Amino acid sequence: MLSNKRIQELELVMEFEKVEECFKEVSSWIENVGRKRLKETINLDDSLEMLLQAQKQFREFDLVASEYCKRGQEALKKMDRWEDFSSVDVHSYRVKLQTYKDQLEEFCTELDENRHRICETVRLYEFFDKVRQGICCTECVKS
């Protein structure tokens, strides 16, 4: 039984090393591209036109970022079996796996929050633009 468990652990380590390349690529993209682009969306412009342009650019980024999130989540899913193993030999791999998981979850959450914030900001600006146009039209009719 111990021999079988040890063989399974070794198989998991070999599998981890194959999947780790995907983790490294996703992690590198998040740190070098993704986080920087998310920081750029913190300060949104004051005009509806500029905000719509920022939303368009974010959507393009969002497509790429969502693909990286998906790839990372698929790689993590392959490693679900690690939960059953607790030996010392596997511990360092579990720590790496948890680090990748935490980084991916944090980035995907920030991406979702920014997507929602930009969408809501655009809707708000569009509403105020309609209100402003309605006030202008009302003033023109009164004149």
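In what follows, residues are counted from 1 in the order of the sequence shown. Remember, it's a predicted structure, so these values are computed and weren't measured experimentally.
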Participant: Starting at NZ of K78, measure out to SG of C22 and round the result to the nearest 0.5 Å.
Facilitator: 7.0 Å
Participant: Would you please test E110 and N114 for side chain to side chain donor-acceptor pair (under 3.5 Å) and show each step?
Facilitator: CA-CA 6 Å; E110 287 178 35; N114 277 5; over 6 Å; no
Participant: What orientation do F16 and Y93 show, parallel under 30°, tilted 30 to 60°, or perpendicular over 60°?
Facilitator: perpendicular
Participant: Within a strict 4.5 Å, meaning less than it, do heavy atoms of the F23 and L76 side chains meet?
Facilitator: yes
Participant: Once side-chain contact (heavy atoms from CB on, under 4.5 Å) is applied, do any residues pair with Q73, and if so which ones, sequence neighbours excluded?
Facilitator: L104, C108
Participant: Can I get a per-line list of side-chain donor-acceptor pairs under 3.5 Å for residues 49-58, giving both atom names and the distance, sequence neighbours left out?
Facilitator:
none

Participant: Could you tell me which residues satisfy salt bridge (charged side-chain N to carboxylate O under 4.0 Å, His left out) with E120, sequence neighbours excluded, listed by chain and number?
Facilitator: R123
Participant: Got a sec, which residues hit salt bridge (charged side-chain N to carboxylate O under 4.0 Å, His left out) with E113, two or more places apart in sequence or on another chain?
Facilitator: none
Participant: Apply side chain to side chain donor-acceptor pair (under 3.5 Å) to S27 and list each qualifying residue two or more places apart in sequence or on a separate chain.
Facilitator: Q103
Participant: Could you tell me which non-hydrogen atom of D102 sits nearest to which non-hydrogen atom of Q98, and how far apart they are?
Facilitator: OD1-NE2, 2.7 Å
Participant: What pairs with T99 under side chain to side chain donor-acceptor pair (under 3.5 Å), at least two apart in sequence or on another chain?
Facilitator: none
Participant: Please step through side-chain contact (heavy atoms from CB on, under 4.5 Å) for the pair E105 and K101, ending with a clear verdict.
Facilitator: CA-CA 6 Å; E105 286 177 358; K101 184 177 182 178; 3.2 Å; yes
Participant: Output every pair passing salt bridge (charged side-chain N to carboxylate O under 4.0 Å, His left out) with a member in residues 58-68, not counting sequence neighbours, ordered by first then second residue.
Facilitator: D62-R115
Participant: What distance separates R117 CZ from T41 OG1, expressed to the nearest 0.5 Å?
Facilitator: 5.0 Å
Participant: Which residues satisfy the side-chain contact (heavy atoms from CB on, under 4.5 Å) test with L63, sequence neighbours excluded?
Facilitator: none
Participant: Write out all pairs satisfying salt bridge (charged side-chain N to carboxylate O under 4.0 Å, His left out) with one or both partners inside residues 20-34, taking only residues at least two apart or from two chains.
Facilitator: E20-K96, E25-R71, E31-R35
Participant: Can you list the residues that meet the side chain to side chain donor-acceptor pair (under 3.5 Å) rule with N4, with sequence neighbours excluded?
Facilitator: none
Participant: List the atom of G34, the atom of F61, and the distance in Å for their closest heavy-atom pair.
Facilitator: O-CZ, 3.7 Å
Participant: Nearest 0.5 Å, please: how far is CG in L111 from OG in S66?
Facilitator: 5.0 Å
Participant: Please say yes or no: joined through hydrophobic side-chain contacts below 4.5 Å, possibly via intermediate residues, are L10 and L12 part of one cluster?
Facilitator: no
Participant: Hey, what do you get for CG (L48) to CZ (F128), rounding to the nearest 0.5 Å?
Facilitator: 12.0 Å
Participant: When you check the gap from the basic side-chain N to the acidic O, do R37 and E40 get nearer than 4.0 Å?
Facilitator: yes
Participant: Is the shortest heavy-atom distance from the side chain of V26 to the side chain of Y100 under 4.5 Å?
Facilitator: no
